[in-house]
There are 2 protein chains.
Amino acid sequence: MQSRPDARPDPSPAAHERVYRGLRTRIMYGEIPPGEALTLRGIGKQYGVSMTPARESVRRLVAEGALTLSASGRVSTPEISNDRIEELAALRALLEVELASRALPRAHIALIDRLQTINATISEVVERHDAVGYIRTNLEFHRTLYLRAQAPAMLAMAETVWLQLGPTMRKLYGRLNRKEGPHFHRLIIAALKAGDEPGLRLAVRSDVTQGLRMLAN
Amino acid sequence: MQSRPDARPDPSPAAHERVYRGLRTRIMYGEIPPGEALTLRGIGKQYGVSMTPARESVRRLVAEGALTLSASGRVSTPEISNDRIEELAALRALLEVELASRALPRAHIALIDRLQTINATISEVVERHDAVGYIRTNLEFHRTLYLRAQAPAMLAMAETVWLQLGPTMRKLYGRLNRKEGPHFHRLIIAALKAGDEPGLRLAVRSDVTQGLRMLAN
DNA sequence: TGGCGCGGACTGTGATCACAAATCCGGGCG
DNA sequence: CGCCCGGATTTGTGATCACAGTCCGCGCCA
């Protein structure tokens, strides 16, 4: 599809992949509010491609639950009900507790250091009231930990849940202005250091549940 | 997209939906062996449509992990490694134990009756050495139970896992000729009748794990 | 003034086409 | 006898187009 034989592993990914990644990132990090309408031609123009790659990207995101399709085929970011939020929170708890538990035996000091660095960044971002930055950094914290679990399918499922919560999370974290941030993260790090599996499970469950509980109002 | 104002809710679904459902069913029920190559033009011809709907269906299935895309864009059913099988089995256990647990308080006698009917069908199918029929009926048993959990997102995730295991399950259940079938299913039903939650969790976990363990050889 | 209907603009869908990369197959060379 | 190269074929990709359904807003009528 493109003809550059040189350079890095993937210097110019397929157009639909580029569009997909762009949209996915924006959705997962809450840059698009829930209920926002999107059009294929609009997306295409935005990324400088025709409708075809835009359509494929949208289809893929719909399959992952990141976008919803109205009966007439219109696409928009989902507005999810409280029931669904609770269900997705339960899924997060289920999956992420397991991922953390699997990561625990492999958590070297270098990993813990990186987690603490990310945590510091979270504090800064909270200071600036930067909601999108907060979501991104928070998810980076979790992803960094779960990568150690060596469970790609499980991590992929967790990311799918994040994706579904993306537009809604923006609304949530727009609310908390206080330095609420890294409290449970510190518990997670402490449990990792101590090799305390039950404590880790509890800390992860609390961290995941806490924020989402206040969203289901 | 279609213009029949009459009759049933969806008399003529969009073409890509029809293709998607057809492929998805065949994959989930193990009718396609792992590693099988598919072509867009081939799928299109098979369903009497052009490449466009075929492409969308394939893309969607790839997003769900039901198909894999080679670096050059070729599509085929996945051949999954033992590590991945174990991970998917763990996911099944995690999700389905939770689903069963949530279904338990809502499990009336009518549901249990239906489960027993399905179980009888499983015995017949096993008798006939009908691998595809076995997979389909077995999944129907699980789905019938989990529908009572009132947790659509969770059920959707479980189905995604089934989908990923589809082509591989065929190989598995082609192996077991004996009447292995409904042993753990009977334990599940017994636990449902008794309202025994720990027993139910254990029975579901065993049922899910048992079959898949012998696959990771 | 308020509700209704109609028309035009907009949107998704599916077909088709041109193109480039990948794959396959057979023949020729070492 | 085996390996490699080159062309023909197959395959996915993205653009474009015609069409049908949908939606929005303006104007008309009560």
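We name chains A, B, ... by the order of the sequence lines, and we start the count at 1 in each one.
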> Pick the nucleotide of DNA chain D nearest each of A:Val49 and A:Ser70; which residue has the one closer to the 5' end?
Replying inline: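 Checking each residue's closest nucleotide, the 5'-ward one belongs to A:Val49.
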What integer distance in Å separates [X]:[atom1] from [N]:[atom2]?
{"X": "A:Met51", "N": "D:dA18", "atom1": "CE", "atom2": "C1'", "result": "12 Å"}
{"X": "B:Leu69", "N": "D:dG12", "atom1": "CG", "atom2": "C1'", "result": "9 Å"}
{"X": "A:Leu40", "N": "D:dG14", "atom1": "CG", "atom2": "C1'", "result": "14 Å"}
{"X": "A:Arg41", "N": "D:dT22", "atom1": "CZ", "atom2": "C1'", "result": "13 Å"}

> Considering only side-chain heavy atoms of A:Ser50, which listed nucleotide, D:dA15, D:dG14, C:dG14, is closest?
Replying inline: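 Between D:dA15, D:dG14, C:dG14, the one nearest the side chain of A:Ser50 would be D:dA15.
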> Counting only distance, no hydrogens or angles, is the base of D:dG12 paired donor-acceptor with the side chain of B:Arg74 under 3.5 Å?
Replying inline: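 Side chain to base: no pair below 3.5 Å.
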>> Is there, by distance only and without an angle test, a donor paired with an acceptor across the side chain of A:Arg55 and the base of C:dG14 below 3.5 Å?
In response: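 In this structure, the two groups form a donor-acceptor pair.
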> OP1 or OP2 of D:dT22 sitting under 4.0 Å from any side-chain N/O of A:Ser72?
Replying inline: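 A:Ser72 to D:dT22 OP1/OP2: no side-chain N or O under 4.0 Å.
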> Does B:Thr39 make a side-chain N or O approach to OP1 or OP2 of D:dT10 shorter than 4.0 Å?
Replying inline: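 No, outside the criterion.
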> Distance only, no hydrogens: is a donor on one side chain within 3.5 Å (strictly under) of an acceptor on the other, for B:Arg60 and B:His16?
Replying inline: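 Short answer, no.
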>> Does anything in residues 61-77 of chain A form a salt bridge (charged side-chain N to carboxylate O under 4.0 Å, His left out)? List the pairs, not counting sequence neighbours.
In response: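 The answer is A:Arg24-A:Glu64.
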>> For residues 33-51 of chain B, which residue pairs pass the salt bridge (charged side-chain N to carboxylate O under 4.0 Å, His left out) check, not counting sequence neighbours?
In response: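 As it turns out, there is no salt bridge (charged side-chain N to carboxylate O under 4.0 Å, His left out) pair with a partner in residues 33-51 of chain B once direct neighbours are skipped.
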>> Under 4.0 Å, heavy atoms only, any strand: does B:Leu38 hit a base, just the sugar-phosphate, or nothing?
In response: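 Counting heavy atoms under 4.0 Å across all strands, the contact made by B:Leu38 is with sugar-phosphate only.
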> If you look at every strand shown and take non-hydrogen atoms under 4.0 Å, does B:Thr52 touch a base, only sugar-phosphate, or nothing?
Replying inline: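 The residue B:Thr52 makes base contact.
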> Going by heavy atoms in the side chains, are A:Thr121 and A:Phe141 under 4.5 Å from each other?
Replying inline: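 Answer no - side chains too far apart.
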> Relative to the 5' end of DNA chain C, which residue comes earlier, B:Pro53 or A:Gly73, by the nucleotide with the nearest heavy atom?
Replying inline: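 Upstream on the strand: A:Gly73.
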